[in-house]
Amino acid sequence: MTRTAFIVGISIPMPDFRAHLTTVPGAEFLRELPPARAVVAVPSREAARALARLDGVTWVREDRPERLL
């Protein structure tokens, strides 16, 4: 299964966000980033859209690591 990681901006406490995240099928919390961000992996574009609709989510962007030259 291919999963895509997203960085998510949140406006609620992290424990509340993690509780809401359980409603997104296949979503996996990977790590917390300061300030008020998290990295989440999801299995599909549909799950990414559900992630963006969660209460307390202010923005979502795909995590695309940059290559160092």
Side-chain angles (χ1 to χ4, degrees):
M1 173 190 298
T2 302
R3 301 175 69 74
T4 304
F6 289 88
I7 299 175
V8 182
I10 60 172
S11 63
I12 59 176
M14 190 60 66
D16 294 344
F17 170 71
R18 290 185 75 168
H20 290 310
L21 189 60
T22 62
T23 66
V24 178
E28 178 184 1
F29 178 85
L30 298 178
R31 67 184 165 275
E32 182 176 352
L33 298 172
R37 297 177 296 155
V39 181
V40 175
V42 294
S44 66
R45 289 288 171 194
E46 293 78 23
R49 286 191 284 277
L51 174 64
R53 290 190 301 267
L54 286 179
D55 288 339
V57 170
T58 57
W59 55 267
V60 175
R61 77 170 169 86
E62 190 170 343
D63 186 14
R64 294 189 177 194
E66 296 179 15
R67 292 183 185 200
L68 299 176
L69 299 177

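Position 1 is the first residue of the sequence; numbering continues from there.
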message = I need the minimum non-hydrogen distance between Arg3 and Ala41, along with the two atoms involved.
response = NH2-O, 3.3 Å
task = Determine, using the 4.5 Å side-chain heavy-atom cutoff (strictly less than), whether Val39 and Phe6 are members of one ILVMFWY cluster.
result = no
Check: residues 7-36 side-chain donor-acceptor pairs under 3.5 Å, at least two apart:
residue: Ser11; atom: OG; partner: Gly56; partner atom: O; Å: 3.3
residue: Thr22; atom: OG1; partner: Ala19; partner atom: O; Å: 2.6
residue: Thr23; atom: OG1; partner: His20; partner atom: O; Å: 2.7

inquiry  = Per the salt bridge (charged side-chain N to carboxylate O under 4.0 Å, His left out) rule, what does the pair list look like for residues 34-51, sequence neighbours excluded?
reply    = Arg45-Glu62, Glu46-Arg49
query = Shortest non-hydrogen contact from Val42 to Ala47?
reply = CB-CB, 3.8 Å
